[in-house]
Amino acid sequence: MTQPLLEVRNLRTYLQAGARQVKAVDDISFNIPKGETFCLVGESGSGKSVSALSVIRLLPEGVATHPSGEIIFNDQDLLKLDDSGIRAVRGSQIAMIFQEPMTSLNPVLSIGEQITEALYAHNPDISDSEAEQRTIKALEQVQIAHASNRFHDYPHQLSGGQRQRVMIAMALACEPQLLIADEPTTALDVTVQAEILRLMRQIQEHTGMSMLFITHDFGVVAQMAQWVGVMQQGQLVESGSCASVLHQPQHAYTQQLLAALPENLTKPKLLAVPEQESPTAPLLSIRDLKVWFPINKGLLRRTVDYVRAVDDVSLDIFSGQIVALVGESGCGKSTLGRAVLQLEPPTSGSIKFRDQELIGLSARTLRPLRQKMQIAFQDPQSSLNPRLLIETTLTEPMKVHGIGDSHEQRIELASELLESVQLNRDFLWRYPHEFSGGQRQRIGLARALALNPEFIVCDEITSALDVSVQAEILQLLLSLREQRQLTLLFITHNIGVVEYLSDQTVVMYQGKIVEQGDTAQVCQNPQHPYTQKLLAAVPRLKTIR
């Protein structure tokens with residue numbers, strides 16, 4: 001290891017939660033060499049982000065304390081600096097990219113104003129024209145097209161990938177020596193993520209800055225890091241070179257995390273599509289489906305064009321299959337899933353469930369079919385009613401559809417549902433906020449299963465989960481399929497999950513299906529250029545930087 005730019009020595013960060021003290025970071029030490037990247041990995045709650053916020057001193061003083069430790073940066077202990085001293089370092093010498101750019105960018109200021117604000121704070125004598133030129137240069141550096149024209153745009157006018165680029169531009173505007181990146185690609189599509197990672201590596205090579213990169217994606221670690229530290233419950237349980245930690249892990253927890261990656265899980269037995277001459281009819285048949293949204297302009301709000309979210313899609317899904325629907329954000333995946341369930345009215349086409357046409361049915365006629373077709377949403381926090389007990393969440397749909405002869409019987413059925421998704425039946429008497437993300441996702445699955453459906457749309461249900469929790473949910477889905485003969489339309493952008501879980505893979509691009517077939521065939525021998533691009537962008541554990 002070359003000369004360290006940052007040395008963290010025996011750092012402890014304790015957080016006060018009422019009368020309880022939480023040891024968020026408990027005696028960790030690591031170094032970050034000049035011009036190199038140190039990745040902190042671990043599950044949610046392991047202390048990764050608190051470690052980063054401790055380095056840059058952004059934790060609230062009334063809540064966070066540091067009983068011991070040193071953070072040596074350029075031969076000075078950051079923990080001993082007064083407010084003016086740390087402000088001189090923060091932003092100009094150490095900058096940070098936050099996980100969610102939409103919540104960390106100010107919605108009422110243009111992106112140009114927000115970047116120049118950082119420049120004015122650390123360069124009081126800079127002129128307006130120079131600040132604008134440096135801002136445009138920073139936007140060009142992160143490859144924002146037509147940077148001078150985007151100077152006056154607001155965050156809501158940019159895509160997720162563009163907002164993340166703006167956050168990087170803001171962090172780099174003052175040319176810091178150390179960049180802290182806290183899960184900067186978690187919510188991005190695989191192709192956008194690949195662009196952001198490539199961009200960050202190029203900037204690092206050009207400027208020579210160091211990086212503290214926080215993630216739970218080991219594929220990203222393999223692409224970005226020279227050094228890796230693994231955190232568990234506030235402690236750094238293993239650290240070393242990227243190659244040694246990823247390919248020769250010593251600690252049981254590191255081995256457990258790597259074993260939970262989809263590519264390392266034991267592949268399930270996949271179901272083949274019946275031959276065309278087979279008498280087996282598909283459970284779900286979609287033909288020439290279109291879902292178009294009108295674009296209205298002018299005083300009279302006349303329709304001038306359409307957003308073709310789903311455009312002439314045809315697809316068959318057979319009973320018992322898991323069909324993965326993949327593609328970037330905005331390609332029409334979720335709209336297709338919602339249209340199948342008639343949660344989004346189709347513009348035209350045909351959707352048949354067990355040979356019964358769904359399009360055009362009245363709400364009364366559709367209601368009995370809803371019992372057989374359910375959905376598990378991406379974000380269980382927002383899709384579960386925070387005011388309802390889990391008991392009510394599970395028994396209410398049963399009551400609507402006449403399942404169970406009494407309330408007591410429905411409670412017993414709900415208890416069995418929780419056990420089927422590997423949760424304690426006592427959880428019936430709790431509220432959603434009392435659970436972890438993985439537990440809430442299991443409750444969302446239990447709610448989808450409450451009516452004993454034949455078909456479930458799973459909309460990005462593992463995208464925000466830690467790798468070990470994701471593995472548990474995937475294995476649970478396979479177990480439920482076997483027990484209940486379920487059919488799943490699994491919407492995702494995680495190719496590793498697709499390769500592990502699905503029998504068939506369908507690739508969507510700009511509202512159309514561009515490729516479909518057996519998962520092994522699509523993933524190992526893609527035919528369409530877009531599928532090839534999608535698969536090439538996937539960060540793999542084999543790629544060590």
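A donor-acceptor pair is defined here as one N or O able to donate and one able to accept, closer than 3.5 Å; such a pair exists between the side chain of Lys333 and the backbone of Gly327. Although no hydrogens or angles enter the test, the distance criterion places a donor-acceptor pair under 3.5 Å between the side chain of Arg165 and the main chain of Val142. Arg481 places no side-chain N or O within donor-acceptor distance of the main-chain N or O of Gln321, the cut-off being under 3.5 Å. With Lys48 contributing its side chain and Gly42 its backbone, the two residues share a donor-acceptor pair below 3.5 Å. No donor-acceptor pair under 3.5 Å is formed between the side chain of Asp459 and the backbone N or O of Phe377. Gln485 places a side-chain N or O within donor-acceptor distance of the main-chain N or O of Glu482, the cut-off being under 3.5 Å. Of the possible polar contacts, none joining the Glu391 side chain to the Trp429 backbone as a donor-acceptor pair under 3.5 Å is found. Although no hydrogens or angles enter the test, the distance criterion places a donor-acceptor pair under 3.5 Å between the side chain of Gln164 and the main chain of Pro184. With hydrogens and angles disregarded, a donor-acceptor distance shorter than 3.5 Å links the side chain of His528 to the backbone of Tyr530. The backbone N or O of Leu258 sits less than 3.5 Å from a side-chain atom of Asn264, completing a donor-acceptor pair.
Considering Ile461, Val497, Val421 as possible partners of Ile473, the one that fulfils the side-chain contact (heavy atoms from CB on, under 4.5 Å) test is Ile461.
A search for salt bridge (Lys or Arg N to Asp or Glu O under 4.0 Å) contacts involving Arg198 returns nothing, not counting sequence neighbours. In this structure, the side-chain contact (heavy atoms from CB on, under 4.5 Å) partners of Lys352, at least two apart in sequence or on a different chain, are Ser285, Ser350, Glu357. In this view, Thr215 and Val41, Glu183, Phe213, Asp217, Val220, Val221 satisfy the side-chain contact (heavy atoms from CB on, under 4.5 Å) rule, not counting sequence neighbours. Looking at residues two or more places apart in sequence or on another chain, you find a side-chain contact (heavy atoms from CB on, under 4.5 Å) between Glu419 and Arg425. The salt bridge (Lys or Arg N to Asp or Glu O under 4.0 Å) test applied to Asp316 returns Arg287, not counting sequence neighbours.
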After noting the C-alpha distance and the side-chain angles of Gln342 and Leu369, does the key distance pass the side-chain contact (heavy atoms from CB on, under 4.5 Å) rule?
CA-CA 11 Å; Gln342 301 300 293; Leu369 289 169; over 6 Å; no
Where do Lys290 and Arg308 land on the side-chain contact (heavy atoms from CB on, under 4.5 Å) test, with the steps shown first?
CA-CA 7 Å; Lys290 294 181 180 179; Arg308 293 163 174 80; over 6 Å; no
Show your working on side-chain contact (heavy atoms from CB on, under 4.5 Å) between Arg201 and Met224 and close with a plain yes or no.
CA-CA 7 Å; Arg201 289 198 303 270; Met224 295 299 294; 3.7 Å; yes
Do Arg150 and Val166 pass the side-chain contact (heavy atoms from CB on, under 4.5 Å) test, and can you show the C-alpha distance, the side-chain angles, and the key distance before you say yes or no?
CA-CA 10 Å; Arg150 306 308 294 267; Val166 169; over 6 Å; no
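To the nearest 0.5 Å, the span separating CE on Met200 from CD on Gln202 amounts to 12.0 Å. Interatomic distance, Leu445 CG to Ile456 CD1, rounded to the nearest 0.5 Å: 7.0 Å. Here CD of Gln374 is found 5.0 Å from CG of Leu451. Values are rounded to the nearest 0.5 Å. Here the CD1-OG distance, from Ile214 to Ser49, works out to 5.0 Å after rounding to the nearest 0.5 Å. Ser104 contributes atom OG, which lies 9.5 Å from atom CE of Met96 (distance to the nearest 0.5 angstrom). One distance of note links CG of Asp312 with OG of Ser348; it measures 8.0 Å at 0.5 Å rounding.
Side-chain contact check for Leu489 versus Val506: every heavy-atom pair is 4.5 Å or farther apart. Taking 4.5 Å as the limit, every side-chain heavy atom of Asn385 sits out of range of all side-chain heavy atoms of Thr392. Side-chain contact between Gln356 and Leu361 is present, with at least one heavy-atom pair separated by less than 4.5 Å. The side-chain heavy atoms of Ser46 and His216, taken from C-beta on, include no pair separated by under 4.5 Å. Residues Asn494 and Tyr500 form no side-chain contact, since every pair of their non-hydrogen atoms from C-beta on lies 4.5 Å or further apart. In this structure, the side chains of Val498 and Thr519 come closer than 4.5 Å at one or more pairs of heavy atoms. Side-chain atoms of Thr487 and Leu284, non-hydrogen and from C-beta on, never get closer than 4.5 Å to each other. Side-chain contact between Glu454 and Phe353: present, with at least one pair of heavy atoms (C-beta onward) separated by less than 4.5 Å.
For Glu434, the CD atom sits in a packed shell: over 12 heavy atoms of surrounding residues, nucleotides or ligands are nearer than 6.0 Å. The environment of CD in Glu396 is sparse: at most 12 heavy-atom neighbours from other residues, nucleotides or ligands sit within 6.0 Å. Counting non-hydrogen atoms of other residues, nucleotides and ligands closer than 6.0 Å to CZ of Phe293 gives a total above 12.
Taking both residues in full, the closest heavy atoms of Ala448 and Pro453 are given as O-CG, 3.2 Å, listed atom of the first, atom of the second, then distance. Nearest heavy atom pair, residue Ala450 against residue Leu417, reads CA-CD1, 3.4 Å. The two residues Ala446 and Leu394 have their closest heavy-atom pair at C-CD2, 3.8 Å. Considering every non-hydrogen atom in both Pro262 and Gly496, the closest pair reads CB-O, 3.3 Å. When all heavy atoms of Leu265 and Ala471 are compared, the pair lying nearest together is CD1-CB, 4.1 Å. Minimum heavy-atom separation, Arg163 to His156: NH1-CA, 4.4 Å.
The aromatic rings of Tyr431 and His433 sit parallel, their planes meeting at an angle under 30°, below the 60° perpendicular limit. Note: Phe427 and Phe435 have perpendicular aromatic rings, judged against thresholds of 30 and 60 degrees for the angle between ring planes.
Note on residues 358-370: pairs passing side-chain hydrogen bond (donor to acceptor under 3.5 Å, both in side chains), not counting sequence neighbours, are Ser362-Thr365.
No side-chain N or O of Gln527 forms a donor-acceptor pair with one of Thr531 less than 3.5 Å apart.
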